[in-house]
Amino acid sequence: MPSNDVRTLLQAAVPTAVAGAVAAAISAGIAGGKGALGAVVATLVVILFMGIGLIVLQRTAKSLPHLFQAMGLMLYTAQLLLLFIFVAVFKDTSLFNPKAFAITLVATTLVWIGAQARAHMKAKILYVEPESSEGDKPKKKGPSA
């Protein structure tokens with residue numbers, strides 16, 4: 001994985017983990033241990049889903065650049081649907097507090113998206129290939145004076 005991709009992944013995952021820790025502390029204060037567990041599970045789900053999505057999107061951009069935009073839209077739609085499915089599956093669980101889980105899931109998803117957008121805005125990635133000095137210049141044809 002190239003260093004730009006790792007940097008983007010870290011710049012999105014670290015703020016998300018911090019937001020998840022804050023949510024776990026708040027949930028522990030409000031809902032006890034089950035609230036903290038719900039917040040931790042939600043944070044891990046978001047980091048896992050969004051991290052895998054970012055890796056897939058970066059690989060698509062490198063191998064199939066003409067599908068990048070469509071793949072991005074499909075990927076984000078699939079991620080949101082999977083997150084909604086997780087909320088629906090665990091809404092009546094007794095393993096952890098489902099409200100803390102759902103609120104943390106939404107909050108950490110928003111933090112991830114914001115941090116990822118910030119990382120992309122700050123990245124200095126060339127979008128035009130610079131010309132090489134001598135190797136790629138076309139040779140002049142015709143008579144020389």
Side-chain angles (χ1 to χ4, degrees), residues 1-140:
M1 182 176 246
S3 64
N4 282 339
D5 298 344
V6 172
R7 189 176 307 121
T8 301
L9 184 63
L10 285 175
Q11 288 177 346
V14 170
T16 303
V18 170
V22 169
I26 293 170
S27 297
I30 294 173
K34 287 190 175 192
L37 182 62
V40 168
V41 170
T43 302
L44 292 175
V45 166
V46 168
I47 290 173
L48 182 69
F49 277 19
M50 297 298 192
I52 290 171
L54 181 62
I55 291 168
V56 167
L57 200 56
Q58 293 297 336
R59 287 189 181 186
T60 301
K62 285 174 182 46
S63 62
L64 303 166
H66 59 284
L67 294 178
F68 179 71
Q69 187 175 18
M71 184 68 165
L73 291 171
M74 191 274 308
L75 182 68
Y76 288 128
T77 303
Q79 285 174 333
L80 287 174
L81 286 173
L82 284 172
L83 291 175
F84 283 133
I85 290 170
F86 259 84
V87 170
V89 167
F90 290 112
K91 72 178 179 182
D92 294 325
T93 188
S94 61
L95 297 173
F96 49 78
N97 187 312
K99 285 185 182 180
F101 173 78
I103 291 169
T104 303
L105 194 70
V106 170
T108 52
T109 300
L110 292 174
V111 168
W112 178 282
I113 292 169
Q116 186 178 354
R118 183 178 184 273
H120 282 295
M121 294 296 288
K122 292 186 72 154
K124 294 182 175 31
I125 299 172
L126 297 174
Y127 58 91
V128 175
E129 292 292 328
E131 292 183 21
S132 68
S133 59
E134 300 266 341
D136 293 339
K137 286 186 179 178
K139 296 183 179 180
K140 292 183 181 179

Checklist entry - Any side-chain heavy atom of Y76 sitting closer than 4.5 Å to one from L57? => result yes

Item to check | Minimum side-chain heavy-atom gap H66-L64 below 4.5 Å | outcome: yes

Checklist entry - Step by step, would you call L48 with L44 a side-chain contact (heavy atoms from CB on, under 4.5 Å)? => result CA-CA 6 Å; L48 182 69; L44 292 175; over 6 Å; no

Once rounded to the nearest 0.5 Å, what's the spacing between atom [atom1] of [X] and atom [atom2] of [Y]?
X    : Y    : atom1 : atom2 : answer
H120 : Q11  : NE2   : CD    : 9.5 Å
L82  : T77  : CG    : OG1   : 11.0 Å
M74  : Q69  : CE    : CD    : 13.5 Å
T16  : L110 : OG1   : CG    : 10.0 Å
N97  : I30  : CG    : CD1   : 9.5 Å
Q79  : L81  : CD    : CG    : 10.5 Å

Next on the checklist: Please evaluate residues M50 and T108 with respect to the criterion side-chain contact (heavy atoms from CB on, under 4.5 Å), reporting the C-alpha separation (whole Å), side-chain torsions for both, the decisive distance (0.1 Å), and the verdict.
Outcome noted: CA-CA 10 Å; M50 297 298 192; T108 52; over 6 Å; no

What are the two closest heavy atoms between [X] and [Y], and how far apart are they?
X    : Y   : answer
L95  : L37 : O-CD2, 3.5 Å
S27  : G35 : CB-O, 3.2 Å
L54  : T8  : CD2-CG2, 4.0 Å
A61  : F68 : CB-CD1, 3.4 Å
T93  : P98 : O-CD, 4.2 Å
T109 : L83 : OG1-CD1, 3.6 Å

Checklist entry - Quick one: ring pair (Phe, Tyr, Trp, His ring centres under 6.0 Å) partners of F49, sequence neighbours excluded? => result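 So F49 forms a ring pair (Phe, Tyr, Trp, His ring centres under 6.0 Å) with F86.
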
